[in-house]
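Note sheet for the following structure.
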Amino acid sequence: MTKKTARLILCILIFFLSLPAVFAKASKEVSYFDVIIQKQNEVSLLYEDFYSLRAKGDVKKVDIAAELEVGKYRYKIEESEWYYFEIEDESKKKVHPLDFNLSLGYACPVILFDDVIPDYMEKRCWPLSGTANIEILPVKTPAGNFGIAIKGFYSRMEKEYSGYRISGNLISAYLDLVWQLPLNRVFVFDLHAGAGGILFHNFEVNYDNLITTKKMNSLDLSLDGGLALKVFFTRHFFLRSAADFTYSIMSDMTLGQIIPEVSLGLHF
C-alpha cells in the first residue's frame, strides 16, 4: 500500500467518523419561551416546562434582567451539551404600548377635476409642495395596528402672465383613521381615511403697474383617503411613500386631487 493510498483511506475514515457528530448537531432540539421583565432584576418565565428541563441537564445561568429594560422578549433553549438560553436578534424588540411616528417630506399635488384653477393658472401639477404626518397607534392586534393620524399639505401656487401675476397658498389638514399591517421587520403597509379642511390663503393678482387685488381667503370641507408603505432602515428610522386622494367641497366648485408623497420619518 502506497503512502498516497493510506492517506486517502485515513481521510475517508475521518469523514465517516465525523458524520454522527454533524447530524447530532444539526438535529439538536430547539424550543422557545417568552420572558417578561416586570421590574428591574425580576424575571417571569412564560414557559411551563422550563424548570423541568433543568432535570435533564445543567442550565447555563445568564443574568438577563440586569441587562434588559422592562418589556417582553423571546428566548431560545437549545439542546447541546447543556441547555442554555439567549436573546434572538430578531426578537429583542420590546412590546410598546403604542407606536408614535413623525415624518416630513415632499408632495406633489395634481388636480384631477374642477377646471377653475387650471383655467386661471394653466397648471394642474404643483411641485412646490410639502407634507407632514403624525401617527399615533395605540391598538395592536394580530390583524394589524389601529390608530389616528394628523397630516397636512402645503402648496405654493404661482403663475406669471404678461402684465400680471397670480399667486397664493393652498393648505390642507386632515384627521385620519389609520390601519397598519406590518408585513415583516422592514415593510409596513397602511390604509387611511378621514376629513379635514382646505384653505385658499392670500390668493391675489399683482399687476405690473403696482396695483394688487384684494387677497382672497376661503376655508372649506375636504375629505381624504389613501395608502402608504413604510420601509424601515433601522428600528427608529424609515422612508414613507404614499398616495392620497382628496375631495374638497366648495360653494362654487368641487376640487379633486391626487397627491403622491415621499418623506423621512422617526418611529418612537
Side-chain angles (χ1 to χ4, degrees), residues 101-136 147-179 189-231 238-265:
N101 301 315
L102 170 65
S103 59
L104 298 170
Y106 175 75
C108 186
V110 178
I111 296 175
L112 299 179
F113 58 86
D114 196 278
D115 291 332
V116 173
I117 294 176
D119 285 348
Y120 275 97
M121 305 187 77
E122 297 182 349
K123 282 186 181 180
R124 290 186 177 272
C125 179
W126 303 99
L128 295 178
S129 304
T131 182
N133 189 60
I134 297 173
E135 298 170 344
I136 302 173
I148 61 172
I150 301 171
K151 67 181 175 186
F153 300 100
Y154 169 82
S155 297
R156 177 63 179 172
M157 294 181 164
E158 290 184 343
K159 178 61 180 178
E160 194 86 31
Y161 291 95
S162 177
Y164 67 96
R165 180 173 64 92
I166 303 174
S167 64
N169 307 295
L170 184 63
I171 304 168
S172 57
Y174 302 93
L175 176 63
D176 287 351
L177 297 177
V178 181
W179 169 69
F189 172 79
D190 89 39
L191 294 174
H192 51 270
I198 187 168
L199 173 65
F200 286 85
H201 180 253
N202 287 348
F203 273 79
E204 61 184 4
V205 180
N206 295 286
Y207 293 94
D208 290 347
N209 58 8
L210 303 181
I211 295 175
T212 301
T213 61
K214 182 180 178 180
K215 290 181 173 60
M216 184 194 78
N217 295 280
S218 68
L219 178 62
D220 299 282
L221 175 67
S222 185
L223 308 175
D224 93 304
L227 50 84
L229 181 69
K230 292 187 184 72
V231 181
F238 63 85
L239 174 73
R240 181 179 186 269
S241 58
D244 279 48
F245 172 75
T246 66
Y247 181 79
S248 305
I249 305 168
M250 306 167 196
S251 58
D252 54 354
M253 68 174 181
T254 55
L255 179 65
Q257 298 180 97
I258 186 75
I259 308 178
E261 57 188 281
V262 60
S263 57
L264 295 175

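Between Leu170 and Phe200, the closest side-chain pair of non-hydrogen atoms falls below 4.5 Å. Inter-residue side-chain proximity for Met157 and Leu128 is flagged as unmet; no heavy-atom pair is nearer than 4.5 Å. Considering only heavy atoms from C-beta on, Ser103 comes within 4.5 Å of Phe238 through its side chain. Phe153 is listed as a side-chain neighbour of Ile259, based on a closest heavy-atom distance under 4.5 Å. Residues Phe245 and Gln257 are not in side-chain contact: their nearest non-hydrogen atoms beyond the backbone lie 4.5 Å or more apart. Contact of the Asp244 side chain with the Tyr174 side chain is not registered, since no non-hydrogen atoms from C-beta on lie closer than 4.5 Å.
Without hydrogens or angle criteria, Ser172 side chain to Gly197 main chain gives no donor-acceptor distance under 3.5 Å. Checking side-chain atoms of Thr246 against main-chain N and O of Leu223 turns up no donor-acceptor pair under 3.5 Å. Although no hydrogens or angles enter the test, the distance criterion places no donor-acceptor pair under 3.5 Å between the side chain of Asn202 and the main chain of Gly168. A donor-acceptor contact shorter than 3.5 Å is absent between the side chain of Tyr106 and the backbone of Pro260.
In this structure, the separation between CG on Leu104 and CG on Leu264 is 9.0 Å, given to the nearest 0.5 Å. For the atom pair CG of Asp176 and CD1 of Ile148, the computed distance is 10.0 Å after rounding to the nearest 0.5 Å. Distance CG/Asp190 to CZ/Arg240: 6.0 Å, rounded to 0.5 Å. Within the model, atoms OG of Ser129 and CD1 of Ile171 stand 11.0 Å from one another, a figure rounded to the nearest 0.5 Å. Rounded to the nearest 0.5 angstrom, Arg165 CZ and Asn206 CG are separated by 5.0 Å.
Taking both residues in full, the closest heavy atoms of Cys108 and Pro127 are given as SG-CA, 3.9 Å, listed atom of the first, atom of the second, then distance. Of all heavy-atom pairs spanning Thr131 and Gly152, the tightest one is OG1-O, 3.1 Å. Pairing each heavy atom of Asp220 with each of Ser251, the nearest pair is OD1-N, 4.5 Å.
Remark: Leu221 CG is packed, more than 12 non-hydrogen atoms of other residues, nucleotides or ligands lying under 6.0 Å away.
Here Arg156 pairs with Glu158, Asn169 under the side chain to side chain donor-acceptor pair (under 3.5 Å) rule; sequence neighbours left out. Under the rule for a side chain to side chain contact (heavy atoms under 4.5 Å, CB included), the partners of Ser248 that lie at least two apart in sequence or sit in another chain are Ile198, Ser222, Met250, Leu255. Residues satisfying the side chain to side chain donor-acceptor pair (under 3.5 Å) test with Glu135, not counting sequence neighbours, are Asn101, Asn133, Gln180, Lys230. Looking at residues two or more places apart in sequence or on another chain, you find a side chain to side chain donor-acceptor pair (under 3.5 Å) between Asp224 and Lys151.
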- prompt: Hey, mind stepping through Thr254 and Tyr247 against side chain to side chain contact (heavy atoms under 4.5 Å, CB included) and telling me if it holds?
  reply: CA-CA 7 Å; Thr254 55; Tyr247 181 79; 3.7 Å; yes

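Each salt bridge (charged side-chain N to carboxylate O under 4.0 Å, His left out) pair with one or both residues in residues 207-217, not counting sequence neighbours, appears once here: Glu204-Lys215.
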Would you list the atom pairs, donor with acceptor, under 3.5 Å between side chains in residues 113-126 and any protein atom, with sequence neighbours excluded?
residue : atom : partner : partner atom : Å
Asp114  : OD1  : Val116  : N            : 2.9
Asp115  : OD1  : Arg124  : NH2          : 2.5
Arg124  : NH1  : Ile111  : O            : 3.4

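Below 30°, between 30° and 60°, or above 60°: for Phe189 and Trp179 the angle between ring planes is above 60°, a perpendicular geometry.
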